[in-house]
Undergrad: 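This structure is in structure tokens; I'll ask about it shortly.
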Amino acid sequence: MNVFVTVKQVPDPNSTPKLGDGNRLVREGIELVMDQGDEYGVEEGLQLAEKTGGQVTVVSMGPEKANDAIRKALSMGAESGILISDPALAGSDALGTARAIAAAVKDKGFDILICGTESYDGSTGMVPPQVAELLGIPHLSFAKKLEVDGTTIKVQRQTADGFITLEAQTPVVVTVTGGLNEPRYPTLKGIMGAKSKTVENVDLAALGLEAGQVGEAGALVKVAGVEPAPERQAGEVIPDEGSSGERVAAMLVDLKVL
Amino acid sequence: MAEIWVHVEDDQGSVAPITLEILSKARTLGVEVVGVALGAIASQAAKVGEYGATRVLADARPVYDEYFSQPAVEAIAALAYNRKPLAILFGGSYDGRDIACRVAARLGLGMAAFATDLSVEGEDLKVSVPIFGATQVAAKTFAGEKPHIVTIRPKAFAAESAGGGAPAVEEVSPELPETASRVKVLDRSVEEIEGPKLEEAQVVVTGGRGMGGPENFAMLQELAGLLGGAVGATRAVVDAGWMPYAMQVGQTGKTVKPNVYIAAGVSGAMQHTVGMKGSKNIISINKDEEAPIFKLSDLGIIGDVHKVVPQIIEAVKAKKG
Ligand SMILES: Cc1cc2nc3c(=O)[nH]c(=O)nc-3n(C[C@H](O)[C@H](O)[C@H](O)COP(=O)(O)OP(=O)(O)OC[C@H]3O[C@@H](n4cnc5c(N)ncnc54)[C@H](O)[C@@H]3O)c2cc1C
Ligand SMILES: Nc1ncnc2c1ncn2[C@@H]1O[C@H](COP(=O)(O)O)[C@@H](O)[C@H]1O
């Protein structure tokens with residue numbers, strides 16, 4: 001099975017996000033890591049490839065730095081990578097990103113393209129279904145379980161009160177949630193081996209896209225302004241000295257819950 | 001008058017609360033509100049009218065329920081391409097998101113996700129979208145073709161009946177290509193959870209990784225039971241398989257706004273707090289005095305959940321007599 005996985009380089013979740021010029025996320029001087037959600041995608045992809053005797057290609061769009069996310073996936077066991085990088089891509093919205101990723105993978109003959117359900121910094125989960133739409137193939141979202149039988153893909157997709165079971169034929173896009181596997185750590189051998197693996201670099205011209213379709217220029221949603229949200233006031237914080245149960249119960253009485 | 005469409009979502013045969021919330025807001029925008037009801041839910045047009053739609057585009061063909069997402073994408077894209085409403089609003093729910101994203105990609109439209117407010121001036125739509133764990137709010141405007149696509153965060157608006165009469169129902173039957181039915185829905189499983197629904201409960205007792213293991217959720221169940229509430233969980237907990245995903249509160253889970261939210265062993269990561277910071281009163285228990293959850297708690301208790309939760313249960317039982 002020819003497995004593709006998207007991986008995104010995002011600010012370290014332990015850092016505080018900041019907005020800079022043009023209300024864009026400041027990415028300089030901040031530790032970047034592979035999106036944790038994508039680690040599940042890479043792991044799922046590797047397991048599928050191992051089971052079916054295939055291989056995994058990882059795809060990332062971003063500045064040169066995004067190579068680190070690709071390298072990490074390669075050291076986990078992926079075979080090769082594609083880095084989509086071009087100054088004109090800066091400021092892309094979800095659709096611009098989806099256009100670039102779709103263009104980069106469309107002639108690669110993949111059976112399954114695995115993505116995270118939503119990225120740590122984008123957090124809108126728009127890219128994967130949009131990639132699928134642009135490629136004209138189905139997407140199966142929020143998979144908490146994924147099964148493959150020949151060309152048949154079956155997933156358990158989360159719903160508000162349980163899950164539904166979906167079935168489709170390859171090629172498909174699948175978005176995976178955390179908890180469907182335990183991502184492996186790169187081994188020393190994996191890290192050494194990754195050095196000799198190839199990463200293909202593609203720019204806008206190679207993708208056959210025009211500047212107006214992506215990047216800042218192509219973004220159809222504009223940020224007109226950013227304001228602080230009204231914050232809650234912190235109340236009282238007390239150490240437990242054995243009577244906090246009563247304290248809470250008294251509060252519940254005041255609030256007429258009891 | 002500008003027209004705004006609202007995608008009508010099916011929640012086990014009824015119009016989903018998120019749809020009623022969106023209709024309640026849409027009818028205040030000075031636009032004509034049109035419901036789009038596809039599949040079995042088309043029979044509920046009266047309810048859609050009651051909450052503010054004056055018209056409903058209805059297509060009751062079963063294909064929308066038998067196949068996943070794409071029939072709705074095809075139908076809405078076809079209708080929208082021909083009629084060009086100002087905007088189409090979808091729930092920021094699992095189903096709403098999947099459909100909205102693909103409609104936007106199909107027609108090359110601008111899309112804003114998880115808006116919590118919107119306004120219309122003439123032919124311009126402006127939306128508010130909370131960012132960075134809802135610590136800031138971005139105002140967004142749209143360029144490009146109409147309709148603009150927006151998903152709305154659950155609980156952003158209160159669902160209130162407008163007492164509206166029956167809407168004008170227009171039966172539509174857009175042509176669906178064969179490719180619309182490539183993803184079969186084999187079955188639907190509901191994870192039964194006792195007590196009130198998480199989104200509707202007036203008291204929510206949420207456990208985080210600090211609970212230490214699934215076995216310790218029994219005491220949270222007991223406390224929630226005593227208070228007539230529901231139990232929630234953080235993503236760390238559901239990812240670990242301690243509790244079902246349906247119990248997750250936060251960005252990727254449910255948004256709750258109960259009267260009282262009790263967080264036990266929850267650190268207060270922004271992806272969690274975005275789903276609960278609208279609660280009226282927040283009580284938290286954490287052994288780390290630096291835990292971010294304390295910054296938004298009305299009452300914070302620095303202590304061990306294994307000691308404090310049983311104390312609360314005892315004290316509540318004593319008060320109840
Ligand atoms: C894209 C994305 C979406 C996300 N969506 C969600 C979401 O919808 N909902 C969600 O919850 N998270 C979400 N997360 C994850 C989120 O960032 C946090 O990782 C998660 O909320 C942490 O869960 P937790 O508080 O249970 O665990 P931890 O952060 O590990 O916190 C455990 C807490 O328990 C305390 N503790 C430990 N032992 C005890 C004890 N004995 N007594 C008292 N306190 C104790 C610790 O001090 C700590 O503060 C998302 C993340 C991403 C990247
Ligand atoms: N720039 C990118 N490069 C590679 N993958 C991406 C990129 N943006 C989004 N994705 C993929 O799409 C998923 C959802 O991201 P988002 O739509 O930004 O919430 C991520 O988990 C990635 O798998």
Undergrad: Heavy-atom cut-off 4.5 Å, strictly under: side chain, backbone, both or neither for B:Val190 against chain A?
TA: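 Backbone plus side chain of B:Val190, per the 4.5 Å heavy-atom cut-off to chain A.
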Undergrad: Checking heavy atoms, do the side chain of A:Leu166, its backbone, both or neither come under 4.5 Å from chain B?
TA: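 For A:Leu166, backbone and side chain are both near chain B.
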Undergrad: Which region of B:Ile131, side chain (C-beta onward) or backbone (N, CA, C, O), has a non-hydrogen atom less than 4.5 Å from a non-hydrogen atom of chain A, or is it both or neither?
TA: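 B:Ile131 touches chain A through side-chain heavy atoms alone.
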Undergrad: In terms of the angle between their ring planes, are B:Phe142 and B:His148 parallel, tilted or perpendicular, with boundaries placed at 30° and 60°?
TA: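 Parallel: the ring planes of B:Phe142 and B:His148 meet at under 30°.
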Undergrad: Chain B: which of A:Ala98, A:Gly136, A:Ala94 shares the most heavy-atom pairs with it under 4.5 Å?
TA: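 Among the listed options, the one with the most contacts to chain B is A:Gly136.
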Undergrad: Identify which part of B:Asp187 has an atom lying under 4.5 Å from any heavy atom of chain A, answering side chain, backbone, both or neither.
TA: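 It is both, since atoms from each part get that close.
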Undergrad: Can you say whether B:Asp11 sits under 4.5 Å from chain A via the side chain, the backbone, both, or neither, judging by heavy atoms?
TA: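 Just its side chain gets close to chain A.
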Undergrad: Chain A: which of B:Arg188, B:Lys254, B:Lys280, B:Arg182 shares the most heavy-atom pairs with it under 4.5 Å?
TA: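 Ranked by heavy-atom pairs under 4.5 Å with chain A, first place is B:Arg182.
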Undergrad: If I compare all heavy atoms of B:Ala246 with all of A:Gly162, which pair ends up nearest, and what's the gap?
TA: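 Heavy atoms only, the tightest pair is CB-N, 4.2 Å.
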Undergrad: Quick check on A:Phe142 against chain B: is it the side chain, the backbone, both or neither that has a heavy atom closer than 4.5 Å?
TA: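 The answer is the side chain of A:Phe142.
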Undergrad: Among A:Asp121, A:Asp35, A:Asp38, exactly one meets salt bridge (charged side-chain N to carboxylate O under 4.0 Å, His left out) together with A:Lys8. Which residue is that?
TA: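 Of all the options given, the one that passes is A:Asp121.
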Undergrad: Under a 4.5 Å heavy-atom cut-off, does chain A meet the side chain of B:Val73, its backbone, both or neither?
TA: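 The side chain, not the backbone.
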Undergrad: Would one find more than 12 heavy atoms of other residues, nucleotides or ligands at under 6.0 Å from atom CD of A:Glu231?
TA: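 It does: A:Glu231 CD has more than 12 such atoms within range.
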Undergrad: Does any backbone or side-chain atom of A:Glu246 lie under 4.5 Å from a heavy atom of chain B? Answer side chain, backbone, both or neither.
TA: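 Backbone plus side chain of A:Glu246, per the 4.5 Å heavy-atom cut-off to chain B.
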Undergrad: Is B:Glu314 in contact with chain A via its backbone, its side chain, both, or neither, using a 4.5 Å heavy-atom distance?
TA: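 Answer is neither: B:Glu314 stays 4.5 Å or more from chain A.
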Undergrad: Can you say whether B:Gln12 sits under 4.5 Å from chain A via the side chain, the backbone, both, or neither, judging by heavy atoms?
TA: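 The answer is the side chain of B:Gln12.
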Undergrad: Tell me, for B:Arg97 versus chain A, whether the close heavy atoms (under 4.5 Å) come from the side chain, the backbone, both or neither.
TA: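 Contact with chain A is through the side chain of B:Arg97 alone.
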Undergrad: What heavy-atom pair brings A:Ser141 and B:Asp98 nearest, and what distance separates the two atoms?
TA: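 Answer, listing the atom of A:Ser141 first, then B:Asp98: OG-OD2, 2.5 Å.
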Undergrad: Hey, which residues of residues 173-182 of chain A are touching chain B, say heavy atoms under 4.5 Å apart?
TA: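 The list, in residue order, reads A:Thr177, A:Gly178, A:Gly179.
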Undergrad: Does any heavy atom of chain B fall under 4.5 Å from the side chain of A:Glu118, the backbone, both, or neither of them?
TA: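 The side chain, not the backbone.
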Undergrad: Go through B:Ala143, B:Gly110, B:Ala104 and name the one with the most non-hydrogen pairs under 4.5 angstrom from chain A.
TA: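 When all of B:Ala143, B:Gly110, B:Ala104 are compared, B:Ala143 has the most.
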Undergrad: What part of B:Lys295 gets closer than 4.5 Å to chain A, counting heavy atoms only: side chain, backbone, both or neither?
TA: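 The answer is the backbone of B:Lys295.
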Undergrad: Looking at B:Ile282, B:Thr179, B:Ile262, which makes the most heavy-atom pairs under 4.5 Å with chain A?
TA: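 It is B:Ile282.
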Undergrad: So which of B:Val137, B:Thr151, B:Ile312 has the biggest tally of heavy-atom pairs under 4.5 Å with chain A?
TA: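 Between B:Val137, B:Thr151, B:Ile312, the count favours B:Val137.
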Undergrad: Measuring heavy-atom distances to chain A, does B:Ser93 have an atom under 4.5 Å in its side chain, in its backbone, in both, or in neither?
TA: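 Answer is neither: B:Ser93 stays 4.5 Å or more from chain A.
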Undergrad: So for B:Ala134, is it side chain, backbone, both, or neither that comes closer than 4.5 Å to the heavy atoms of chain A?
TA: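 For B:Ala134, the backbone is the part near chain A, not the side chain.
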Undergrad: If you look at every heavy atom in B:Leu109 and B:Glu145, which pair is closest and at what distance?
TA: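 Where B:Leu109 meets B:Glu145 most closely, the heavy atoms are CD2-O, 3.7 Å.
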Undergrad: May I ask you to check whether over 12 heavy atoms, not counting those of A:Asp254, lie within 6.0 Å of atom CG?
TA: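 Above 12, so yes.
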Undergrad: Can you tell me which of B:Leu299, B:Val185, B:Thr252, B:Val316 forms the most heavy-atom pairs within a distance under 4.5 Å of chain A?
TA: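 With the most close heavy-atom pairs to chain A, the winner is B:Leu299.
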Undergrad: Find the one option among B:Cys101, B:Ala315, B:Pro310 whose heavy-atom pairs under 4.5 Å with chain A are most numerous.
TA: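 The answer is B:Cys101.
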Undergrad: Under 4.5 Å from any heavy atom of chain A, what part of B:Lys319 do you find: side chain, backbone, both or neither?
TA: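 For B:Lys319, side-chain heavy atoms alone lie under 4.5 Å from chain A.
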Undergrad: Does any backbone or side-chain atom of B:Ile283 lie under 4.5 Å from a heavy atom of chain A? Answer side chain, backbone, both or neither.
TA: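 Only the side chain of B:Ile283 comes within 4.5 Å of chain A.
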Undergrad: Taking atom CD of A:Gln36 as the centre, does the number of heavy atoms from other residues, nucleotides or ligands within less than 6.0 Å exceed 12?
TA: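 Count not over threshold, so no.
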Undergrad: Please state whether the side chain, the backbone, both or neither of B:Phe294 comes within less than 4.5 Å of a heavy atom of chain A.
TA: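 It is both, since atoms from each part get that close.
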